[in-house]
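Both ligands and their constituent atoms are indexed starting at 1 by order of listing.
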Amino acid sequence: MRYSTLVQFYQRLESTPKKLEKRDILAELYRQCSEEELPKVVLLSMGTVFPSGALELGIAGEMMKRVIARVSGTTDTQITKKYKETGDLGLTAEQFLKNRKQSTLGKRELSVEKVFENLRKLPEIGGAGSQEKKILLIAELLSSAEAAEAKYIVRTILSEMRIGVAAGIVRDAIAAAFGKDVKEVERVFDFVGDYGQIAVLAKNGRLKGEIQIGKPVRVMLADRAPDLKEAMEEFEQSLLEWKYDGFRVQVHKSGNEIKIFSRRMEDVTRQFPDIANFSKECIKAKECIVEGEALAIDKSGKPRPFQELSRRIQRKYDIERTVKEIPVQVNLFDLIYLNGESWMDKPLRERWQQLAKTVKETKNFRLADRLETKNYAEAKKFYKHALKMGQEGIIVKNLEARYQPGRRVGYWLKVKDILEPLDLVVVGAEWGEGKRARWLGSLILAAKKGGKFVEAGRMASGLTEEQMDQLTKQLKPLITGEEGKTVSLEPRIVVEVGYEEIQRSPKYESGYALRFPRLLRIRDAADKGPEDVNTVADMDKLFKMQKRRR
Ligand code: AMP
C-alpha cells in the first residue's frame with residue numbers, strides 16, 4: 001500500500017471528532033488491506049509500529065528538529081521558531097518541506113512497508129554513532145516523503161498523532177470491518193495483546209479467544225480499598241495475600257522451554273535465566289502458566305529495594321553476573337493454565353489448590369504468604385506483619401472469582417497503609433540552581449484524562465543527587481522546548497509519587513495538586529509506561545477516600 005493512501009485516511013480521521021465516523025473510516029481502511037499489510041496498517045493507524053506501544057522509538061523532539069532541518073535545507077533555529085508557533089513538529093515539517101526547492105526527479109514513492117520497516121529499526125540501534133544512524137533512517141523517509149506524508153511520519157515517531165484514534169475505536173473498527181462481535185474482539189485481545197494480529201485473525205475467520213502457551217496473557221489487576229475492614233466485607237470468602245513490592249512475572253512452561261513475561265506483556269526471559277531454571281526445577285507439570293511477584297533478595301532472604309531489581313530488568317548484557325549479584329525470589333499467587341487446559345474460568349480457590357500441588361517450593365520459588373480468614377483481628381495481624389516485613393500491604397481476593405485478564409473488576413482489592421501512591425508522567429522540569437544547576441530538579445507531573453495528559457502538580461523534594469543525575473540523563477533527550485529555566489518534556493518517564501494529601505487546585509488542569517509529594521521510584525519502562533499512569537478519575541476517587549478517612 002502506498003503511504004500516501006494511508007495519509008488520506010489520516011486526514012479524514014483528523015477532520016472528524018465523531019467516534020462512529022472514525023470507526024467507519026478505519027473499517028474502510030482495514031478492508032482495503034492485504035493480509036501482509038493489515039497488521040502494519042492497524043498499528044500505524046494507532047500511531048505506533050509496536051503492539052501496545054511496547055517499545056518506545058526513543059526519538060526526542062531535538063533530534064527530530066535536526067532531521068527536519070537537514071532534509072528541508074533550513075536551520076535548527078528556523079525550525080525551533082516555527083515549532084514555537086505551531087506547537088507541532090509534524091506541521092512544522094510539512095510547512096518546511098512544502099517550500100523545499102529540491103528536484104523531485106527520481107524520487108521514490110513511499111510505501112507503508114518502507115515506513116514501517118525504518119521505524120521498527122529505530123529502537124534496535126545502539127552504541128557508538130547510533131544518533132547518526134537513527135537520523136539517517138528518518139531522513140531517508142522524509143526525503144522521499146511528500147509534505148503531507150512527512151507530517152504524519154514525524155508525528156508517528158514522536159507518538160503524537162492527533163487523529164483521535166484510541167484502542168477502543170480500533171477494536172470497534174476491526175469488528176465492523178470483518179463482521180465480528182466487539183466483545184469477541186476484545187476477548188481475543190486479552191490473549192493476543194496486539195490489534196494488528198487480531199485484525200488478521202478476524203479477516204481470516206480465525207478469531208478465537210484462547211490462551212496459548214508461550215503467548216502472554218494480559219494480567220488481572222487489583223482495585224484499591226479504603227481499608228482492611230471494607231475490603232474484607234466485600235466478599236463472602238476471601239483470601240488475604242501479602243502485596244509484594246516487586247516486579248510481576250508470568251511464567252510459561254512447556255516441557256523444558258520457559259518464557260517469562262512482564263506485566264506489560266514484554267518478553268523478559270533473557271534477563272531472568274535464574275527464574276527460568278527455578279521454573280524448570282519446581283513446576284511439576286508438563287505445561288503450565290503461573291504468576292507471581294519477583295523480588296530482589298539478600299543472602300539471608302530479606303527483600304532488597306526495588307531499585308536493585310530494576311537493574312536486573314534493564315540489564316541487557318553481562319546477565320550472568322547480575323544474576324549472581326542480585327538474586328531474586330518469586331512469590332507465586334496464581335495458576336491460569338495447566339496441561340492443555342485453561343484454568344482462568346475456575347474459581348481462585350481451585351486455582352490456588354492446584355498451584356500448591358503443582359509447585360515444589362524452594363527459598364527462591366515459593367508460594368505467596370497467604371491467610372484465609374473472616375476474623376478481622378487475625379487479618380489485621382497478618383497485614384501488620386506484611387508491613388513489618390517491608391512489603392506494601394496486602395491484597396484481599398475473592399476466592400470465588402475467575403481470573404479476569406487485563407481488568408480491574410473489583411475481585412482483588414489492595415490495602416495499603418499509606419495513601420495510595422500515584423504513578424504520574426513527567427511533562428516538564430526546571431533546571432536547579434547553584435550546585436544543582438546541571439540537574440533537572442523540580443518535576444512537573446501529569447495524570448491521564450481522556451486521551452491526553454493534564455498537569456497534576458509539581459515535585460521538588462525527596463530527590464537524592466543520584467536520582468537527579470539519573471533523571472536528568474533520562475529527561476534531557478526528551479526536551480521539546482525551554483522557557484527560562486523551565487523545560488517542557490515529551491511524556492515518557494513515569495515516576496511513582498508518595499504524598500500526604502491530594503488537594504484541590506485551580507492552578508493545574510487536573511484540578512488537583514499533591515501536598516508534600518516525594519519521589520518513591522522512577523518506573524522502569526517494562527513495568528509502567530505513560531499509558532499506565534493514574535487518571536484524574538483515580539485522583540477523584542482518592543480525594544473522596546481521604547475525606548472519609550479523617
Ligand atoms: P498496583 O500496581 O498497585 O495496581 O498493584 C498490583 C500489582 O501488585 C500487581 O500487578 C503485582 O505486580 C503486585 N502484587 C504483589 N503481590 C501480589 C499478590 N499477592 N497478588 C497480586 N498482585 C500482587
Name the closest protein heavy atom to [atom], giving the residue it belongs to and the distance to 0.1 Å.
atom	answer
atom 19 (N) of ligand 1	Glu241 OE1, 2.8 Å
atom 16 (N) of ligand 1	Tyr244 N, 3.0 Å
atom 9 (C) of ligand 1	Arg248 NH1, 3.3 Å
atom 2 (O) of ligand 1	Arg263 NH1, 3.2 Å

Closer than 4.0 Å to some heavy atom of [X] - which atoms of ligand 1 meet that?
X	answer
Glu293	11 (C), 12 (O), 13 (C), 14 (N), 15 (C)
Ile395	17 (C), 18 (C), 20 (N), 21 (C), 22 (N), 23 (C)
Lys528	2 (O)

Checklist entry - Counting only heavy atoms, which portion of Trp412 has something under 4.0 Å from ligand 1: side chain, backbone, both, or neither? => result side chain

Checklist outcome for this item: Counting heavy atoms under 4.0 Å, the part of Phe333 that contacts ligand 1 is side chain

Item to check | Selection from Lys397, Gln391, Lys243, Glu496 by shortest heavy-atom distance to atom 7 (C) of ligand 1 | outcome: Lys243

Next on the checklist: Less than 6.0 angstrom from the centroid, inside 45 degrees of the normal: does Arg504 satisfy that with respect to the ring of Phe543?
Outcome noted: yes

Checklist entry - Should the pair Lys397 and Phe235 be classed as cation-pi, given the thresholds of under 6.0 Å to the six-membered ring centre and 45° from the axis? => result no

Next on the checklist: Any side-chain to backbone donor/acceptor pair from Glu287 onto Gly340? Under 3.5 Å, distance only.
Outcome noted: yes

Item to check | Under-4.0 Å salt bridge between Arg304 and Asp298 | outcome: no

Checklist entry - salt bridge (charged side-chain N to carboxylate O under 4.0 Å, His left out) between Arg523 and Glu496: does it pass, once the steps are laid out? => result CA-CA 7 Å; Arg523 286 282 186 187; Glu496 191 187 29; 3.3 Å; yes

Item to check | Spatial distance of atom OG1 (Thr464) from atom CG (Asp469) [nearest 0.5 Å] | outcome: 9.0 Å

Item to check | Working for salt bridge (charged side-chain N to carboxylate O under 4.0 Å, His left out), residues Glu509 and Lys452 | outcome: CA-CA 11 Å; Glu509 200 183 333; Lys452 58 179 201 163; 3.0 Å; yes

Checklist entry - Is Lys414 close to ligand 1, meaning an N/O of one under 3.5 Å from an N/O of the other? => result yes

Next on the checklist: Does atom NZ (Lys374) have a neighbourhood of more than 12 heavy atoms from anything else shown, all under 6.0 Å?
Outcome noted: yes

